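Structure, as structure tokens:
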Protein chains: 2
Amino acid sequence: MTDRLQESSKNALSFACKRNHALCIEEALEHAKRVCERAGERFTDLRKQVFAIVWAEHKPVKAYDLLSELSSIRKGVAPATVYRALDFLKSQGLVHKLESLNAYLGCSQPETEHHGHFLICECCEEVRELAFAPFSQSIDEIEKAQKFQIKHTTIELLGRCIKCQ
Amino acid sequence: MTDRLQESSKNALSFACKRNHALCIEEALEHAKRVCERAGERFTDLRKQVFAIVWAEHKPVKAYDLLSELSSIRKGVAPATVYRALDFLKSQGLVHKLESLNAYLGCSQPETEHHGHFLICECCEEVRELAFAPFSQSIDEIEKAQKFQIKHTTIELLGRCIKCQ
DNA sequence: GATCTAATGTTATGTTATAACATATCTTTA
DNA sequence: TAAAGATATGTTATAACATAACATTAGATC
Ligand SMILES: [Zn+2]
Ligand SMILES: [Zn+2]
Ligand SMILES: [Zn+2]
Ligand SMILES: [Zn+2]
């Protein structure tokens, strides 16, 4: 247990990066705060806590697991509490929902224009968010060819990562 | 009410195409039957009925709506009944699950190699399955670049169709 | 027709998500 | 700064989606 735990004061438990990255959560929280400020939205304690828990996992989190983690640092937590916070964070692009898993993942690049395209390893459950959208050209082509105006994409590729092949 | 209704005998109700396409369900059932035969699987009454209901809609169907439709032509229908049939049909590529809608759609081209990529109109709820996979090249590239072996893709593009723009 | 296997029936429960309304907190402005 | 309005959260209840476990039935094999 490092200095970071002390620094994080009362909510230390949930605010520590599960992979022990130095300053990981602190930086992500700064990042998230800026995103909210720019959007003129409030980054409340609840939202901060939910974001920090999701982020700390570095992997998809189920809403009800999140609920039980959140309960350990906060009172009066019900499903609606969690889903409302998740909805907000999604609306700001700070977390993504993985539809094929019914789980939520902290966005790895919230300040970059991107659509949330994921590689999901069926074996180790690691999920990688593609940094640059390799599908954007295909998507443009589809929009033209099919005269279809795309507003949101769900692209989740299930398979095996290099470690699990 | 046309001849087709009479032809379909006891299960006429659910076996009629909701868009009044001539021979639509009959042909799809023949198609599905062949797919099952080739796979050495049984296309039972239950599976046939579930497939026909899903197909007749020509749009995504919720499992519990399917359940209630199925109940009108069959006894002893419970959630498991429906989900088992859907699992089977999915395994044969005869229906797809739309993860972002929690709904099921009859496959428009079950005998063609394809991955199930969809355009979903948020306005009229019409869903089009892309006939040729425009993403297959991107997917190949990702597999090489990321050393990730893709086994299943979830690609659902939400937006507005030409009629709803 | 006895045996084995696959499919379905049946009951119960687990999991995921939202509705509706009360209360608290923040922001704005008089 | 007190009142009013808007946003966020608390609280209770329920809706919507899906699977587990075991019994029974129907089809295939011998
Ligand atoms: Zn970290
Ligand atoms: Zn992202
Ligand atoms: Zn039809
Ligand atoms: Zn298909």
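In this text the structure is predicted, and so the values were computed from the model without any measurement. No hydrogens, no waters, no symmetry mates; every other heavy atom, side chains included, goes into these values. Proteins get letters first, then strands, A, B, ... in listed order; numbering begins at 1 in each.
- Considering only side-chain N and O atoms, B:K97 lies under 4.0 angstrom from the phosphate OP1 or OP2 of D:dA18.
- If you take CG of A:L86 and P of C:dT15, they are 18 Å apart, rounded to a whole angstrom.
- The 12-atom threshold is exceeded at CD of A:Q165, counting heavy atoms of other residues, nucleotides or ligands nearer than 6.0 Å.
- Interatomic distance, CD of A:E125 versus SG of A:C161, reported as 11.5 Å (0.5 Å rounding).
- Counting only heavy atoms from C-beta on, A:A63 has its side chain closest to C:dA17 among C:dA7, C:dA17, D:dT11.
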Inset, instruction - Could you check B:R84 against B:D87 for salt bridge (charged side-chain N to carboxylate O under 4.0 Å, His left out), going step by step and ending with a plain yes or no? - result: CA-CA 5 Å; B:R84 278 192 292 229; B:D87 282 347; over 6 Å; no

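- Between the NZ atom of B:K48 and the P atom of D:dA26 there is a distance of 16 Å, rounded to whole Å.
- An aromatic stack links B:Y64 and the base of D:dC17, using centre distance under 5.5 Å and interplanar angle under 30°.
- Between the side chain of B:Y83 and the base of D:dA20, no donor-acceptor pair under 3.5 Å is found.
- Applying the 4.0 Å criterion to OP1 and OP2 of D:dC17, one finds that A:N102 has every side-chain N and O outside that range.
- If you take CG of B:L98 and P of D:dC17, they are 13 Å apart, rounded to a whole angstrom.
- Checking the phosphate oxygens (OP1, OP2) of C:dT16, no side-chain nitrogen or oxygen of A:Y104 falls inside 4.0 Å.
- Straight-line distance from the CZ atom of B:F88 to the P atom of D:dA18: 20 Å, rounded to whole Å.
- In this structure, A:L101 atom CG and C:dA17 atom P are separated by 11 Å, rounded to whole Å.
- Applying the 4.0 Å criterion to OP1 and OP2 of C:dT8, one finds that B:T44 has a side-chain N or O inside that range.
- Candidate nucleotides D:dA18, C:dT18, C:dA7 were compared by shortest atom distance to the side chain of B:R42, and C:dA7 ranks first.
- Contact annotation for B:F43: no contact, since no heavy-atom pair falls under 4.0 Å across all strands.
- Proximity of a side-chain donor or acceptor of A:R47 to a complementary backbone N or O of A:F88 within less than 3.5 Å is not detected.
- The phosphate of D:dA8 has OP1 or OP2 within less than 4.0 Å of a side-chain N or O from A:R47.
- A donor-acceptor pair shorter than 3.5 Å can be found between the side chains of B:H117 and B:T153.
- Whole-Å rounding puts the B:L67 CG to D:dA15 C1' distance at 15 Å.
- The side chain of B:R74 contributes an N or O atom lying less than 4.0 Å from OP1 or OP2 of C:dG9.
- The residue A:R84 sits close to a base: some heavy atom pair falls under 4.0 Å.
- Counting any heavy atom pair closer than 4.0 Å across all strands shown, A:A80 reaches a base atom.
- With DNA chain D read from its 5' end, the first of the two nearest nucleotides for B:D87 and A:E41 is the one closest to A:E41.
- In terms of modelled atom types and a separation under 3.5 Å, the side chain of B:E156 and the main chain of B:L98 share no donor-acceptor contact.
- Atom P of nucleotide D:dC17 and atom CG of B:L66 are separated by 12 Å, given to the nearest angstrom.
- Distance from the side chain of B:T81 is smallest to C:dG9 among C:dG9, D:dT12, C:dC26.
- Note on B:K75: every side-chain N or O is 4.0 Å or more away from OP1 and OP2 of C:dT8.
- Applying the 4.0 Å criterion to OP1 and OP2 of D:dA16, one finds that B:K62 has every side-chain N and O outside that range.
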